[in-house]
Amino acid sequence: MSTSDHSALSAPSSFAVTVADVELEPEDLDPAQIVSGAPVVTGGVLWESADGTQVRGIWQITPGVVTDVEADELFVVVSGRATVEVEGGATLELGPGSACVLREGDRTTWTVHETLRKAYQISC
């Protein structure tokens, strides 16, 4: 099932997808965020609230090292491995089945060891 089947306007109130099978679209990655490698980011929104304050979707990144400033997010890693260093905080080792909470404004460095795919919920 592709993500286009579940846009914010057409999604039924409840649905299920197989995360590994969701077709993802290329997403921009600011070259200034790339520390090393040539990571590629793809994603797909499964659902977004009418006011845009809640977003749920699937996101993927290929190996490399990137920096980011995080949103208020909960995600579960479906496949792949990464180490996420939170500036002034913890170093998170992520792999399949890891649930992670990031706080809005966290400055992070992602070292992606194996292409990582996650299912996420972001609160804006």
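Remember, predicted model here, so these are calculated numbers, not experimental data. Because only heavy atoms are used, hydrogens play no part in the values below, and waters and symmetry mates are left out as well, while side chains stay in.
- Taking 4.5 Å as the limit, every side-chain heavy atom of Asp72 sits out of range of all side-chain heavy atoms of Ile122.
- Side-chain heavy atoms closer than 4.5 Å link hydrophobic residues (I, L, V, M, F, W, Y) into clusters, and following such links, even through other members, never connects Val65 to Ile61.
- There is no path of hydrophobic side-chain contacts, each under 4.5 Å, that joins Trp59 to Val76.
- Leu116 contributes atom CG, which lies 8.0 Å from atom CD of Gln60 (distance to the nearest 0.5 angstrom).
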Can you list the steps and then say if Glu85 with Thr109 is a side-chain hydrogen bond (donor to acceptor under 3.5 Å, both in side chains)? CA-CA 5 Å; Glu85 296 176 53; Thr109 301; 5.8 Å; no
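- Listed for the Arg117 side chain is a donor-acceptor partner under 3.5 Å among the backbone atoms of Val19.
- Linking Ile, Leu, Val, Met, Phe, Trp and Tyr residues whenever their side-chain heavy atoms come within less than 4.5 Å places Val55 and Val77 in a single cluster.
- Scanning both residues, Ala82 and Trp110, for their nearest heavy atoms gives CB-CE3, 4.4 Å.
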Pair Phe75, Leu102 - check side chain to side chain contact (heavy atoms under 4.5 Å, CB included), show working. CA-CA 9 Å; Phe75 65 84; Leu102 297 173; 3.8 Å; yes
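- Between the side chains of Asp51 and Ser49, at least one donor-acceptor pair of N or O atoms lies under 3.5 Å.
- Residues Tyr120 and Ile58 approach most closely at CE2-N, 3.4 Å, considering heavy atoms.
- Linking ILVMFWY side-chain heavy atoms closer than 4.5 Å, directly or via other members, places Ile34 and Val41 in a single hydrophobic cluster.
- In terms of heavy-atom proximity, Leu46 sits nearest to Phe15 at O-CZ, 3.7 Å.
- Not counting sequence neighbours, the partners of Arg81 by the salt bridge (charged side-chain N to carboxylate O under 4.0 Å, His left out) test are Glu114.
- With hydrogens and angles disregarded, a donor-acceptor distance shorter than 3.5 Å links the side chain of Thr62 to the backbone of Val40.
- Residues forming a side-chain contact (heavy atoms from CB on, under 4.5 Å) with Gln33 (at least two apart in sequence, or on another chain): Leu29, Asp30, Thr67, Asp68.
- The residue from Arg56, Arg103, Lys118 that alone fulfils the salt bridge (charged side-chain N to carboxylate O under 4.0 Å, His left out) condition with Glu73 is Lys118.
- Among residues two or more places apart in sequence or in another chain, the side-chain hydrogen bond (donor to acceptor under 3.5 Å, both in side chains) test is passed with Thr91 by none.
- Annotation for Glu48 and Gly52: closest pair OE2-CA, 3.6 Å, computed over non-hydrogen atoms.
- Residues satisfying the side-chain contact (heavy atoms from CB on, under 4.5 Å) criterion with Asp28, sequence neighbours excluded, are absent altogether.
- In terms of heavy atoms, Val66 sits closest to Pro39 at CG1-CG, 3.5 Å.
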Would you mind writing out the side-chain donor-acceptor pairs for residues 92-100 within the sub-3.5 Å range, not counting sequence neighbours?
residue, atom, partner, partner atom, Å
Glu93, OE1, Thr83, OG1, 2.8
Glu93, OE2, Thr83, OG1, 3.3
Ser98, OG, Gly95, N, 3.0
Ser98, OG, Gly95, O, 2.9

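- Note: the hydrophobic cluster containing Val69 does not contain Val112 (ILVMFWY, side chain heavy atoms under 4.5 Å, direct or indirect links).
- Every residue was checked against the side-chain hydrogen bond (donor to acceptor under 3.5 Å, both in side chains) condition with Arg107, not counting sequence neighbours, and none meets it.
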